[in-house]
Amino acid sequence: CRESLQRSHGAEAPAGEMARFAALLALLAVIGLCVAEDTSVGAEESSRKLLSEKKEHERGEGHKHKREGEDEDDEDEDDEIDEGIEPDPSLEVYSDLCEFQEMSGGREGRERRGPVFVKLWEWNYVDIARECREYLGPNGFDAVQLSPVVEHMRGHQWWTKYQPISFGLETRSGTAAEFKQMVAECRAAGVQVIIDLIVNHIATACPEASDDGSDMPCIGWNGSAYGKRQIAGANGWDVAGPDYFHHRQGDDMAGACGVGAPDYLCGSLVTTDCSCCHCDLYGMPDWNTGLHEVRAIHYRHVKELHDAGVTMLRIDAALYENVTETASVLNQFPWDYVYMEWWGEYPVGIHDQYIGNYRDVALRWKITNRLASEKNLSKFPEVLDINYGTFGVDNHKTIYPMAFHDQRTPEADQEIATYKNGLEYHQQQKFLLAWPWPDRVLLWGGFGWTDGEQGPPGCNPGHDTCRPTSVFGGPNGEAQCLDTPTEAPLPDELAQSRRWVCEHRWAGVAGLGGFRGA
């Protein structure tokens, strides 16, 4: 892939010269001197000319690094896990972001795409389709990531969408028809769709469910029934009884083991060896993907997504899934890009070989540290030395998010990148776009919260079948998003407001996305 790109785009400038030039531009972007303000569809003519000739930046090299708190013996143990694994071509990743882009896109409809993705957290499908048509596509964003798209348990909290109770596509974000129409409209606008795929577990049962599994009194968001360690499904083919989930020997109503906070281990030293793959995560019944019947259900679900036009996946709870069993389902389809929820573990070689890329959350910690929380200003220039995130994860096998839902704080915190930090957060996401080293980045477009449990605007306690309010709720149908911040942190009345924030729409983001593609 790299060789073909080099042949297509010619010789590159000397590495040292390019690095110095890129470092200068990135630093200027951070301090506000290089603000390419293209927040609407119509860009300035000068920007169009600048962006008309694009060039792929040289891919960086990853660096091995020992995990924090891990001694040398542990590192050797990780390395040994991969020994003896024979590659199976039938399971290997189908494609790895080579020529993944749509045939046309960008401001002029024919520009090369730079891998800039955005997660529109808990937006409804109708709004996502409009955002693709009017903002993401025209401004050159490559893909939009959605919250989970299958029927979930009832509740107003954000995490209810991560507790599926069927593989029906009716959720609080919209109907199955609206979902499929959104995918089609985004694809037509040159924006691919990333689905947050949950095939690790189902929801925990409601309090009314019998412990012996004799009933299914719980009702999902769209009316599907479920109970303790069983679901009635929404399609006929997604019915699953207790025997479809990992369980104790001789007792299919009890999980085989449990895993969760604070260490997210199940008695083993590491999670990358799949020692916790048969455990219930936070008590949620764990699919037994070793069963052909379970893989057949997952295949039907994944096929429906692919048939609708979905081309990219995020694999939720990837560390707790059997790699080859999951790959045997996923890799029957030609995905353009797949990445895994990853928390900084040292890779052992099998996950990226069979499933996809890693999510690297360490890079954003380094950026926030150097640009905000570090009090010794003499260390500020070290931001230009950042050239890896998680130890051992190669840059070309990684996606770098600016923010993510599992790490948010009720108040502004300089060490945690959220909109509550105001201008500081905005500078950090602009730096992530301007810094040429990361191959691909994931921005955030979400909503405001006062505590970490809250769901989107429109979902409040007591409204268990709520729907998010529209982002485009202005008097004339315009987007009602938080204005670009001018101070850090945000004033309390803004930081604590329950509204759509749309960080990806802040001034300069679209312009720097175009700069990144150039």
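Every heavy atom of this structure was used, including side-chain atoms; hydrogens, water molecules and symmetry mates were not.
If you look at H504 and W123, their ring centroids are closer than 6.0 Å. Taking the six-membered ring for Trp and the full ring otherwise, the centers of H405 and Y162 sit less than 6.0 Å from each other. Taking the six-membered ring for Trp and the full ring otherwise, the centers of Y358 and W343 sit at least 6.0 Å from each other. For Y425 and Y419, the gap between ring centers reaches or exceeds 6.0 Å. For W500 and F472, the gap between ring centers reaches or exceeds 6.0 Å.
Here the two cysteines C481 and C502 have their SG atoms closer than 2.5 angstrom.
Because its NZ or CZ atom is both nearer than 6.0 Å to the ring centre of Y135 and within 45° of the ring axis, R505 counts as a cation-pi partner of that residue. Cation-pi geometry between K366 and Y388 is satisfied (NZ or CZ under 6.0 Å from the ring centre, within 45° of the ring normal). Seen from the ring of W506, K430 does not count as a face-on cation partner, given the 6.0 Å and 45° thresholds.
K119 places no side-chain N or O within donor-acceptor distance of the main-chain N or O of G445, the cut-off being under 3.5 Å.
The list of salt bridge (Lys or Arg N to Asp or Glu O under 4.0 Å) pairs with a residue in residues 190-204, not counting sequence neighbours, reads D196-R314.
Annotation: E382, atom CD; neighbour count of heavy atoms from other residues, nucleotides and ligands within 6.0 Å is above 12.
A tilted orientation is assigned to the rings of W437 and Y400, their planes being inclined by 30° to 60°.
For the atom pair L313 CG and I195 CD1, the distance stands at 7.5 Å (nearest 0.5 Å).
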